[in-house]
Amino acid sequence: MARSRSGTRGRRGPRKPPRRDGAFTASSVQTADPRERGAVELPPTITVKELAELFGVNPADVIRELIKSGIFATINQLIDRDTAALVASELGYEVAEPQAALAGESGDDGEDGTPSEATKEELFTEDDDANLVSRAPIVTVMGHVDHGKTSLLDAIRSTTVAAGERGGITQHIGASEVTKDGRRVVFLDTPGHEAFTAMRARGAKVTDIAIVVVAADDGVMPQTLEAISHAKAAKVPIIIAMNKMDKPDANPDRVKTELTEAGVVVEEYGGDTPLVPVSAKSRLGLDDLVDMVLLVADLQDLKANPKRSAIGTIVEARMDRTRGAVATALVQTGTLRVGDVIVVGETYGRVRALENDRGKRIPKAGPATAAVVLGLSEVPEAGDILRVVADEKEARTMVEARHAQLAAKGGEGSGRATLEDLYKQIQAGQAKELRIILKADVSGSLGAITHALGQLATDEVKINILHEGAGEITDNDILLASASNAIVVGFSTKITDTARRAAETEKVDVRMYDIIYQLTDDIEKALGGLLEPELVEVVEGRAEVRKLIKVGKTTVIAGSYVTDGRMVKGGARVWRGGKIVATDRIESLRRFRDDVREVAQGFECGIGLAGFHDLEEGDIIECFTTQSVSRSLTN
């Protein structure tokens, strides 16, 4: 015989009378129709079983609603109040606001301490001067891997917390706020310039100021140069934080000189880039650094409209077992409120809760505010744009339209700048400059190439070298080119495997040269629309030599395993220890005893080269083909 609901409640203790304000607590269980009872007050956490008992429903109904939100919970699993509130709304119950929120602990909109209701007309008004107010600056901290980015940011945060909100524990949400003299500064906790540029590549422009950290004892390093190039490409003001000034071997003059050589002239040397000496360890100069951020922000006169519909950017996101999709949004304009319907990238949902970086629930997030957003049906990607829309019908329509648009594109990437298209863009008035990422084998080559390219600028278009450096072309170079609509030029160097794949995915034009005049000729011809057809080398695949088999006196067959792409007959290079030891062609290709046209990745094969037989186990054989590509734009 089934247990009665009253019997179940009886074992849990006597039923409490309903509260005078009409709300029912978790223990004052009633089984009336949802429309006939007041709002339910939920505890901070509750098990799935207790929640089902509270609403007088089968636990399977609660679990079913949780699964709809991407949360897979068991009957005895604890869920938080926000998740329980979502289930309650789906089951037709009203949830009472917690007393802390009702008392205005998290901030208020109106004079009575409760959030004011914005009309649709107010919410969706476009920006105008009358509604614009000053907002906090958004800052990204970048620099070399071990120059103290994280420790500096932690030091700034801890100093601010100690001076203001004692006992507050900052949770990692991808962004954090500090307050100085009553003014807020928002810091993005990005791992470096890669994440900064990845968001730019997705169309998100979130940063107002870039702090580039340089260690006073180590000086300007390759990643420092990359960070500076990425900040310049984004046209973001730079502040140099010269860290580790407490070290005995700190050499500020050397740092300033190296920065000048890198094209960053600090104010002391007559430039316009502020430099602040700091020490994360001894807390030296932290206030000065924040003051400088506020000064640079004042010069930018940053403003936003808090009355319009919110627009923001996702900083980071993840799936939580108990809370579902959890995303950190940086609101850039407008005000995001609990209950708003939002579209984020290719997903949508209703905001069921907002949290700040202290883990406190807040009813709203205004311009230049980072907040954890709960309520999305799926996990968005970092860099996705968040927008508030009128209702779920509009949100669903927008997401379906985006899915259809992506399907129509067939997964193709967006069009990028190419040397072939340059003349056509100049003629159409679309191109004002040719942006280049330049990499060479040695630093000595860079100056000569830069000078030669500088001579090619015309009245219609200038040549802008966003970043230059010695070494191979990496995926960071491809990422910067993708975000900046630039081409990548390599001189007597090579491109890494990951960079090559990234270039294919992002449709970035990569040009490789061994002779300077060929490089400059191509650029000059592109500017004049006179590019000739060229033979383009396409790397088809790579195989690792596992065993050597001698055939006759001189011929050697390389028993190999295809590690990437496919092996075909044609041109071949032999790599050993990261260097090319031979350029040849694949004369024979076998699977077991059969001659074959190609061998795919993950399979073994026998490779016979035409002339090079001094192979060693562990060598990498790279095969390539050449294709004729038309470069004429005059037709």
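Quick note: residue numbers are just sequence positions, from 1.
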Item to complete: For the pair Asp340 and Arg350, find out whether any cationic side-chain nitrogen is under 4.0 Å from an anionic carboxylate oxygen.
Response: no

Practice prompt. Starting at OG of Ser151, measure out to CD1 of Ile156 and round the result to the nearest 0.5 Å.
Written response: 10.0 Å

Worksheet entry | Any donor-acceptor N/O pair, Glu394 side chain to Ala390 backbone, under 3.5 Å | yes

Worksheet entry | Leu330 vs Val186 side-chain heavy atoms within contact, under 4.5 Å | yes

Worksheet item: To the nearest 0.5 Å, how far apart are CD1 in Ile463 and CG in Leu438?
Response: 11.0 Å

Worksheet entry | Donor-acceptor contact below 3.5 Å, side chain Ser279 vs main chain Ser282 | yes

Discussion item. Side chains of Thr313 and Gln332 only: does a donor on one sit below 3.5 Å from an acceptor on the other?
Written reply: yes

Worksheet item: Can we say Asp208 and Arg135 salt-bridge, meaning some charged N sits less than 4.0 Å from an Asp/Glu carboxylate O?
Response: yes

Worksheet entry | Carboxylate-amine/guanidinium contact Glu468 Lys439, below 4.0 Å | no

Discussion item. Using the rule given for side chain to side chain contact (heavy atoms under 4.5 Å, CB included), can you reason through Leu376 versus Val344, listing the C-alpha separation, both sets of side-chain angles and the distance that settles it, and then say yes or no?
Written reply: CA-CA 8 Å; Leu376 288 169; Val344 185; 3.9 Å; yes

Which pairs would a plain distance check flag for residues 210-221, meaning a side-chain donor or acceptor within less than 3.5 Å of a matching protein atom at least two apart in sequence or in another chain?
| residue | atom | partner | partner atom | Å |
| --- | --- | --- | --- | --- |
| Asp217 | OD2 | Lys247 | NZ | 3.4 |
| Asp218 | OD2 | His147 | NE2 | 3.0 |

Item to complete: Any chance you could measure Asn305, atom CG, to Thr335, atom OG1, to the nearest 0.5 Å?
Response: 8.0 Å

Discussion item. Show, in sequence, the C-alpha distance, side-chain angles and deciding distance for Val389 and Met398, and conclude whether the side chain to side chain contact (heavy atoms under 4.5 Å, CB included) test is met.
Written reply: CA-CA 9 Å; Val389 297; Met398 287 178 65; 3.5 Å; yes

Practice prompt. Would you mind reporting whether Arg396 and Val343 have side-chain heavy atoms less than 4.5 Å apart?
Written response: no

Fill in: CA sep, side-chain torsions, deciding dist, call: Val278, Met242, side chain to side chain contact (heavy atoms under 4.5 Å, CB included)
CA-CA 6 Å; Val278 296; Met242 189 160 55; 5.8 Å; no

Practice prompt. Take Thr328 and Ile314 through the test side chain to side chain contact (heavy atoms under 4.5 Å, CB included) and record every step on the way to the result.
Written response: CA-CA 6 Å; Thr328 298; Ile314 300 301; over 6 Å; no

Worksheet entry | Pairwise side-chain contact, Leu466 with Lys232, heavy-atom cut-off 4.5 Å (strictly under) | no

Item to complete: State, without any angle test, whether Glu378 and Thr347 hold a side-chain donor-acceptor pair at a distance under 3.5 Å.
Response: no

Discussion item. I need the Gln223 CD to Ile228 CD1 distance, nearest 0.5 Å.
Written reply: 12.5 Å

Worksheet item: Between Ser176 and Arg157, does a side-chain hydrogen bond (donor to acceptor under 3.5 Å, both in side chains) hold up when you go through it step by step?
Response: CA-CA 8 Å; Ser176 55; Arg157 273 198 299 242; 3.0 Å; yes

Fill in: Flag side-chain contact, heavy atom, 4.5 Å: Val341 against Val388
no

Discussion item. Using only atom types and a distance under 3.5 Å, with no angle test, would you say the side chain of Ser484 pairs donor to acceptor with the backbone of Ala481?
Written reply: no

Worksheet item: What's the spacing between Tyr348 OH and Ile342 CD1 if we round to 0.5 Å?
Response: 12.0 Å

Worksheet item: If you count the non-hydrogen atoms of other residues, nucleotides and ligands that lie under 6.0 Å from CG in Asp272, is the total more than 12?
Response: no

Worksheet item: Roughly how far, to the nearest 0.5 Å, is the NZ atom of Lys244 from the CG atom of Asp249?
Response: 9.5 Å

Practice prompt. Output yes when a side-chain donor or acceptor of Asn356 lies under 3.5 Å from a complementary backbone atom of Lys360, and no otherwise.
Written response: yes

Discussion item. When you measure from the side chain of Arg435 to the backbone of Asn464, do you find a donor-acceptor pair of N or O atoms at a distance under 3.5 Å?
Written reply: no

Worksheet item: Where the side chain of Arg184 meets the backbone of Ala368, is there a donor-acceptor pair that is under 3.5 Å apart?
Response: yes

Worksheet entry | Charged N-O contact under 4.0 Å between Lys256 and Glu267 | no

Item to complete: With side-chain hydrogen bond (donor to acceptor under 3.5 Å, both in side chains) as the test, would you mind laying out the steps for Thr322 and Asp320 before giving the verdict?
Response: CA-CA 6 Å; Thr322 59; Asp320 187 278; 2.8 Å; yes

